[in-house]
Structure formats: C-alpha cells, structure tokens
Amino acid sequence: MLANLTHDTDLPEADTPISIDEFAQIVREAINQPPWRVNADKEADYADGNQLDSELLQKQKALGIPPAKENIIGPAIAAVCGYEAKTRTDWRVTPDGDPGGQDVADALNYRLNQAERHSHADRALSEAFRPGAAVGIGFVEVASASNSLQFPYKCRYVHRNEIWWDMSSREPDMSDAQWLFRRRWVNRKRAARMFPEHRDIILREADKWIADMAGEMLEGGQSTGLAQAMEAERAWTVQEDAWFNEENQQVCITELWYRRWAEVSILKAKNGRAVKFDPNNELHQAALATGRATLQTEVLPHVRRAYWMGPHRLHDGPSPYPHEHFPYVPVWGYREDMTGVPFGLVRDMLFPQDNLNASISKLRWGMSATRTERTKGAVAMDDAVFRRVSARVDADIVLDAEHMARPGARFDVKRDFQLNNQQFQLMEDSRRALGRVSGISPAFSGQEGTARSGIQEQTQLEQSQVGIADLMDNFKEARRMVGELLMAMIIEDMGREEQTIVIEGDTLNPPRTVVLNHPETDPATGLQYLSNDVQRTRLKVALEDVPSSSSFRAQQLRALSESTKGAPPDLQRVTLPFMVDLMDLPRKKEVVQAIQAAAKAPDPDQMREEIRRELMFELKERELSMREAESEAKIKKLMAEAVQTGVQAAFSAMQGGAQVAQMPMIAPIADKIMQGAGYQRPDPMGDDPNFPVPNGPAPDIEPVGDTAVPPVRNNTSPTFPPVPDDGASPMRGIETAETEDNLPV
C-alpha cells in the first residue's frame with residue numbers, strides 16, 4: 001500500500017516509519033549528487049583493459065591499423081592489490097580497559113577468527129579493495145545469512161552502482177550519514193515470496209511505474225562504449241537489459257537504511273562506562289540510587305530498514321542488528337575535499353595511458369605510412385582505390401603510360417621515418433609517467449625499473465609504499481570495521497546463556513576451555529552474577545601487528561633460521577618447533593610433537609654421563625657413610641681413652657698421695673722437682689674429684705732405724721711391677737733405686 005504523506009514541519013519519532021515524501025526526497029538528493037559514477041565506470045574499464053572506444057576502433061579498422069593498446073594501469077592496480085594480500089593482518093579481540101575480560105576476549109577472538117574464515121570476509125574485503133584503489137570506493141556487506149543451513153554470517157562485495165549514500169557524511173564508517181540505499185533487480189516471483197503480503201502488487205503488470213520510481217535519472221550502470229576489440233564491443237549492461245526488457249519479469253527493490261534521532265537516557269558510571277538506561281533493570285536502579293552512576297539525556301541515532309518497490313513501502317522496521325551502523329562498510333580510496341566524491345589511482349593514470357596507446361598507434365602507423373606525390377591522372381585507378389592500395393605492403397600501382405609520357409608528369413612514393421625516434425621517446429615517457437602520477441614504481445609492479453642496485457630498488461619499493469600509505473590506512477580502517485560488525489552479531493547471538501568454548505590449540509599451544517556467562521553467587525553479598533559475562537565486558541577489535549600472509553611467514557622463517565645458525569645446539573633445539581610452526585607443512589603439528597618427544601628422550605651420551613654421575617654419587621655416598629662410621633668410632637675411642645686417662649691419673653694421684661702419706665718428707669722434694677720441670681700451680685684451682693675417704697684412722701707407720709724415715713715399701717701391684725735392682729749404677733735423683741741414695745751420708 002502507499003506510504004503516508006508527511007509535512008516538512010513534522011518531527012518524527014524514533015520508531016516512526018519513513019514516509020513516501022521522505023523517500024522521494026532521498027531519491028531526489030541521490031539524483032542531484034555530483035556526477036562521478038560515469039567517470040568511475042570509465043576508470044574501472046581502463047583498469048580492466050577496455051581502453052579503446054568504438055569510434056577509434058572503426059577508424060583504425062578503416063585505415064588497416066590493428067588496435068594498439070599497452071595496459072599499464074592494470075598491472076599497477078594488481079600490484080597494489082597484491083601488496084594488500086601480502087600485508088594482510090588478522091583480527092584480535094582485546095578487553096577495552098577491562099583487566100578481567102581477557103578470557104572473554106580470547107573466546108570471542110576464537111569465534112571471530114572462525115567467522116572470518118567461514119563468512120569469506122577476506123575475499124569480500126579484497127574484492128572491495130580493488131575498486132577502492134582504482135576508482136575510490138567499494139562496499140562490503142556484513143549480514144546474517146538468509147539460509148539457516150549455511151554459516152550464520154555472510155560477507156559479500158557489493159558493486160558501487162548498487163548503493164547510494166548521503167554524500168554529506170564525513171566519517172569514514174558513515175556513522176553520521178542520514179541514509180543509504182541499495183537498488184537491486186530481482187525476479188518478480190522471488191520478490192513476491194519475500195514479501196507475501198504484497199504479492200498482488202508485485203505480480204501485477206505495472207512495469208513503467210516500477211522503473212520510474214526506481215530512479216530514472218540515477219547515474220551509473222550505463223555502457224561506457226569502451227571495449228577490448230571491435231568484435232567484443234559491449235552495447236548494454238545488465239541494468240540496461242532489465243530496464244528496457246519488459247519480458248524478463250524482474251522488479252527493482254530498494255533497500256533503504258536510515259537514521260532517526262531521538263532523546264535517550266544514558267546511565268554513565270564513574271569509570272566511564274555508559275549504557276542505555278533501563279528502568280526495569282534492578283542493577284541500573286541500584287547504581288543510580290547509590291550514586292555510582294548518573295543519568296544523562298543525549299540525542300542518539302536509531303537505525304531502521306525499509307524496503308520499497310516504486311511508491312510502495314513493502315517493509316519498515318528497526319535494524320535487525322545490534323550495532324548502530326549500516327551493514328555496508330565502505331572501503332575508501334580517496335575523497336575530494338569539497339564534494340566528498342571518491343576517486344582512486346586510475347584518475348591520474350588516464351592521460352599517460354591514452355598517450356601511450358596513441359603513441360604506439362602513431363608509431364605503427366608511421367612505420368607503414370607512405371606519402372605519394374603525383375600529377376593528376378598518373379595512376380590508372382580511382383583516388384580512393386589508390387589510397388587503399390598505396391598503404392598496403394604488397395601494393396601494386398599501375399601507372400598511366402600516356403600521362404607519364406607528358407612533360408612534367410611525375411609519380412613519387414616517399415616514406416618519412418624522421419618522427420619515429422621522437423614518438424618512441426614520447427612512448428617511453430608515457431610509461432615512466434605512470435610512476436610519477438601514481439607513486440607506483442616499476443619495481444613495485446614486479447617490472448624492471450631504473451634501479452641499478454639492490455639498495456636503489458629497495459628504496460623505490462619503500463617510496464611506493466609511502467605513496468599508497470593513505471590508501472592502506474583507509475583499508476585497514478574498513479577491515480577493522482568489518483570485524484567490529486561481526487563481533488557485535490556474535491555477541492548478540494551468544495546472549496546470556498552459559499556457553500563452553502574450546503579454543504583449539506595450534507602447533508605450539510595446547511587447547512584451552514573458557515566458560516562464558518557462568519552463573520555464580522557472591523559469597524559476601526549473596527547476589528547472583530555471571531562470570532565472564534559477554535554482554536558486560538567491554539571489547540574492541542584491533543588488527544595484529546604481524547601480518548598473517550604466507551610470504552611474511554616465509555620471511556620470518558628465513559630470519560629465524562639465520563639467527564639460529566650460530567647458536568649452541570641447546571638453543572637450536574629450543575627454536576626448532578617455532579621454525580616448524582612458520583613452515584607451510586600439511587602436518588606440522590605432528591612434526592612439532594615428534595620433535596618435542598625426541599627432545600625429551602635421553603641421548604646415549606647423556607645416558608652414559610647420567611649413569612656415571614649416578615655411580616659417582618653412590619660411591620660418594622658410600623664414602624661419606626664410611627667416613628661417618630669412622631668418625632663415630634674415633635669419637636668412641638677418644639672417649640674411652642679419656643676415661644682411661646682419667647682413671648690412670650686418679651690412680652697415679654692415689655699412689656702419689658699414698659707415698660706422701662707414708663713419707664711426708666718427699667712432698668717438698670717433689671715440689672722442687674716439678675718446679676724445675678716448669679710446673680705451675682693452676683689458678684684457679686681445678687675441681688675436686690671428690691674421691692671417697694675411709695672413716696677409720698690412718699694406719700700407723702713405724703719408724704725404721706734411728707732416722708725415723710719409713711722404709712720404702714716394695715711395689716706389689718700387678719699393674720706397676722717393681723723395677724728390678726741392677727746394682728750399682730750412675731743413676732741420680734729419681735732414677736736411683738732407693739731414697740737413701742739421694743740423702744747425705
């Protein structure tokens with residue numbers, strides 16, 4: 001049914017469907033945009049090799065000159081696209097200022113890289129990068145798959161002539177664009193199944209108003225008139241055929257994405273995190289009541305989607321995606337400062353390419369061109385026939401003999417080669433102009449240039465990389481945006497249900513399990529919460545600093561191999577698994593496992609050394625145990641000797657005491673002898689041995705003779721046998737046998 005009309009003074013709400021007046025205004029704005037699509041189509045044809053128009057081909061055919069074309073634009077664009085593939089980087093999910101969200105980031109990083117492979121994001125981005133580099137713009141659609149049997153996410157390249165957008169937007173991700181629509185021609189029966197409630201309108205015979213409202217004056221998609229050869233001239237495009245052919249049963253469906261602005265209450269925490277305020281959320285109410293967050297009112301956009309067929313609105317509703325972006329990511333090349341019109345590298349290469357093609361044609365024509373000077377009637381044929389024949393290699397010109405016999409008759413054929421050298425220089429200058437206007441040197445394109453050494457060639461390569469640095473930065477931003485949209489859809493599909501994600505291990509790292517949205521209870525407060533909450537963790541998508549292409553891995557392998565050549569064998573065994581990981585082997589994981597297992601297995605020399613060390617250790621232990629036993633025995637012997645010495649000293653003391661007791665007069669003599677030997681009395685005195693003393697009186701010693709000196713008793717102790725009497729001897733002092741020998745007579 002027809003959409004409702006609105007007035008310009010109306011302020012629509014965020015959930016108000018777009019009216020037919022608003023849609024018509026968007027279409028008129030698209031029609032009045034600066035004309036750039038025709039030039040972009042021509043530039044794309046030049047990059048594809050279609051550089052000669054129909055009129056030029058017809059003139060060359062009439063003159064007998066074959067089409068002359070040397071495509072220097074195509075290899076340059078292919079070199080830039082190859083540089084993108086060589087320096088391609090992977091996505092990496094990192095916690096945005098949340099130190100506790102690393103596990104969630106690792107799990108989502110695994111899911112995102114899985115989506116990158118299965119959604120064909122790399123291929124779609126590469127396909128969009130080529131027109132972005134060539135003509136200035138390319139689009140990648142990041143959408144959910146319409147077929148549930150396929151992978152849930154899909155990335156597709158979309159041609160620029162299918163999309164119109166708000167060119168007043170200045171943000172690279174079009175976050176400030178008011179609208180964007182895509183126009184496609186689809187089968188009428190398929191459209192009727194897509195919108196069954198409007199099947200009667202879609203299937204009725206009304207081709208004219210469909211075409212009129214689809215945008216009759218929209219630019220782009222028309223034939224450029226360029227072709228590779230006369231036989232392959234393209235007189236129509238797919239859109240022109242659908243436009244003029246009423247028998248193909250196709251209708252034009254417009255998919256419109258637009259933004260409505262509305263006031264939204266934002267709950268902003270003190271840590272800087274902001275979410276939309278939900279009055280039914282108890283946590284939001286608690287944060288607001290405790291002062292941990294404040295409530296602010298901001299004007300934010302709401303993205304909506306509508307489908308139109310002519311003046312009929314088939315569908316209008318909010319965006320099915322959780323993010324606030326259009327699902328079409330632009331891959332920019334360059335944009336004009338005043339108009340915002342996109343352009344690429346081919347714009348400045350058109351003139352050198354045309355000049356080169358013209359120089360080649362002129363040179364080839366000059367090599368075969370002839371100039372004739374003749375009097376009228378010199379040849380026996382018409383002038384037109386003569387001109388065609390004279391340009392042939394096997395020309396056969398019949399002269400009129402009667403005319404040539406007249407005075408002044410002449411016929412001369414001249415060939416002029418003087419301009420060929422100048423044309424050749426002009427042709428070479430056109431080839432060199434490619435590097436001057438685009439910054440792409442021949443070395444960057446894989447061709448032989450002006451470099452005469454490796455350093456010069458490396459310098460030219462670096463200069464070319466600097467020349468396209470802005471182009472590569474724009475592409476990296478578009479690639480990051482595609483990753484952001486994929487991650488938003490992955491988080492939305494996860495929801496708040498508990499999920500266990502097994503992160504597959506690689507060649508060096510083992511598999512790891514991460515549990516997301518796991519319900520737990522706070523032991524301090526008793527509140528329920530989710531650990532590794534995907535919805536609450538702040539994440540962002542970044543690009544790896546290390547490229548993931550095979551050529552870069554080979555470069556890393558060469559650098560690591562050179563650095564480990566002179567390393568010790570122990571370090572070489574450590575770096576060998578990392579070198580295998582950089583190789584493109586079909587079963588490198590098994591190879592690394594075998595290397596690690598072999599590294600753990602003992603070497604025969606090492607085994608012998610280990611056995612020797614074990615034996616030496618055992619012998620050392622036995623030696624130590626023997627020394628310990630020997631030390632204990634020596635200690636016991638010393639203790640026994642000390643006891644024996646003490647007993648002997650005590651016995652000797654008792655013997656000395658007995659001698660002194662029997663003969664008190666020997667004590668002073670003994671003292672003098674001891675002093676003469678150097679004996680000194682200890683000071684302080686030693687301990688009293690406290691020997692037991694008998695209670696009875698000391699035995700009486702009867703004097704012997706007149707001297708009252710008791711006789712010396714013979715020693716009868718078996719321990720100290722008496723010294724036998726050897727008779728008279730020169731012994732003196734204590735060496736004498738009797739004490740009387742020492743007394744004066």
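For reference, positions follow the sequence shown, starting with 1.
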### Query
Between Glu141 and Arg182, is a salt bridge (charged side-chain N to carboxylate O under 4.0 Å, His left out) present by the stated rule, with each step listed?
CA-CA 11 Å; Glu141 180 187 11; Arg182 178 184 181 186; 3.2 Å; yes
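- The side-chain heavy atoms of Ile163 and Leu180, taken from C-beta on, include a pair separated by under 4.5 Å.
- Among all heavy-atom pairs drawn from Ser169 and Arg335, the shortest one is O-NH1, 3.5 Å.
- In this structure, the side chain of Arg183 does not engage the main chain of Ile253 through any donor-acceptor pair within 3.5 Å.
- Put simply, the side chain of Gln285 gets close to the backbone of Pro279: a donor and an acceptor are under 3.5 Å apart.
- At least one side-chain heavy atom of Glu484 sits less than 4.5 Å from a side-chain heavy atom of Met487.
- A distance of 12.0 Å separates NE2 of His118 from NZ of Lys154, quoted to the nearest 0.5 Å.
- Although no hydrogens or angles enter the test, the distance criterion places a donor-acceptor pair under 3.5 Å between the side chain of Arg37 and the main chain of Arg160.
- Glu255 and Tyr328 share a donor-acceptor pair across their side chains, judged by distance under 3.5 Å alone.
- Note: Tyr307 and Phe195 meet the aromatic proximity criterion, with ring centroids under 6.0 Å apart.
- For Arg170 and Asp176, the salt-bridge test fails: no basic side-chain N is under 4.0 Å from an acidic carboxylate O.
- At distances below 3.5 Å, at least one donor-acceptor pair connects side-chain atoms of Gln33 with backbone N or O atoms of Trp165.
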### Query
Run the side chain to side chain contact (heavy atoms under 4.5 Å, CB included) check on Leu345 and Ile73 step by step: do they pass?
CA-CA 9 Å; Leu345 298 173; Ile73 296 179; over 6 Å; no
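- No donor-acceptor distance shorter than 3.5 angstrom exists from the side chain of Arg92 to the backbone of Asn109, with no hydrogens or angles considered.
- Using a 4.5 Å heavy-atom cutoff, the side chains of Tyr157 and Pro131 are in contact.
- Remark: Asn187 CG to Met194 CE distance equals 11.0 Å, nearest 0.5 Å.
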### Message
Assess the residue pair Tyr153 and Asp493 against the criterion (side-chain hydrogen bond (donor to acceptor under 3.5 Å, both in side chains)); give the C-alpha distance rounded to whole Å, side-chain angles, the decisive distance to 0.1 Å, and a yes or no.
### Response
CA-CA 11 Å; Tyr153 315 113; Asp493 292 342; 2.5 Å; yes
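- Sparse packing is recorded around CG of Asp337, with 12 or fewer heavy atoms of other residues, nucleotides or ligands lying under 6.0 Å away.
- The minimum heavy-atom distance linking Leu471 with Gly132 is given by the pair CD1-O, 4.2 Å.
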### Task
Under the side chain to side chain contact (heavy atoms under 4.5 Å, CB included) rule, what do Val264 and Glu298 come out as? Steps first, then yes or no, please.
CA-CA 5 Å; Val264 180; Glu298 299 180 2; 5.8 Å; no
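- The backbone N or O of Gly136 sits nowhere less than 3.5 Å from a side-chain atom of Trp332 that would complete a donor-acceptor pair.
- Expressed to the nearest 0.5 Å, how far NZ of Lys86 lies from CD of Glu84 amounts to 13.0 Å.
- At a threshold of 4.5 Å between non-hydrogen side-chain atoms, the residues Glu162 and Arg184 count as touching.
- For Arg88 and Ser126, the side-chain atoms include at least one donor-acceptor pair closer than 3.5 Å.
- Of all heavy-atom pairs spanning Thr339 and Pro34, the tightest one is CB-CG, 4.3 Å.
- For His302 (side chain) and Arg260 (main-chain N/O), no donor-acceptor pair under 3.5 Å exists by modelled atom type.
- No side-chain donor from either of Tyr46 and Asp41 sits under 3.5 Å from a side-chain acceptor of the other.
- With values rounded to the nearest 0.5 angstrom, His323 atom NE2 is found 6.0 Å from Met489 atom CE.
- When side chains are defined from C-beta on, Val251 counts as touching Val186, because their heavy atoms get closer than 4.5 Å.
- Checking side-chain atoms of Glu477 against main-chain N and O of Asn474 turns up no donor-acceptor pair under 3.5 Å.
- Counting only distance, with no hydrogens or angles, the side chain of Arg259 and the backbone of Glu324 share a donor-acceptor pair below 3.5 Å.
- By the neighbour-count criterion of 12 heavy atoms within 6.0 Å, atom CD of Glu197 is densely surrounded, having more than that number from other residues, nucleotides or ligands.
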#### Entry: Pair His312-His198, side chain to side chain contact (heavy atoms under 4.5 Å, CB included): steps then yes or no
CA-CA 9 Å; His312 295 273; His198 302 286; over 6 Å; no
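- A side-chain donor-acceptor contact under 3.5 Å links Ser175 and Asp173.
- Inter-residue side-chain proximity for Thr294 and Gln296 is flagged as met; some heavy-atom pair is nearer than 4.5 Å.
- Panel note: side chain Tyr258, backbone Arg304; no donor-acceptor pair is recorded below 3.5 Å.
- Of all the heavy atoms in Ile77 and Ala134, the pair that sits closest is CD1-CA, 4.1 Å.
- Note that Arg479 lies in the cation-pi zone of Trp91, set by a 6.0 Å cut-off to the ring centre and a 45° limit from the axis.
- Electrostatic pairing of Asp316 and Arg305 does not count as a salt bridge here, judged by no charged N lying under 4.0 Å from a carboxylate O.
- Nearest heavy-atom pair, Tyr321 versus Ala143, reported as atom, atom and distance to 0.1 Å: OH-CB, 3.2 Å.
- One distance of note links CG of Leu256 with CZ of Phe23; it measures 6.5 Å at 0.5 Å rounding.
- With salt bridges taken as basic N to acidic carboxylate O contacts below 4.0 Å, one links Asp48 and Arg130.
- Residues Met167 and Pro342 are in side-chain contact: their nearest non-hydrogen atoms beyond the backbone lie under 4.5 Å apart.
- Here the side chains of Val341 and Pro35 are not in contact, with every heavy-atom distance at 4.5 Å or above.
- In this structure, Phe181 has its ring center closer than 6.0 angstrom to the ring center of Trp179.
- Ring centroids of Phe475 and Phe129 are separated by less than 6.0 Å, placing the two rings close together.
- Considering all non-hydrogen atoms of both residues, Ala488 and Pro322 come closest at O-CG, 3.3 Å.
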#### Entry: Verdict with reasoning, Gln178 to Trp261, per side chain to side chain contact (heavy atoms under 4.5 Å, CB included)
CA-CA 10 Å; Gln178 186 176 358; Trp261 276 263; 4.2 Å; yes
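- If you take CD on Glu336 and OH on Tyr334, they are separated by 14.0 Å, rounding to the nearest 0.5 Å.
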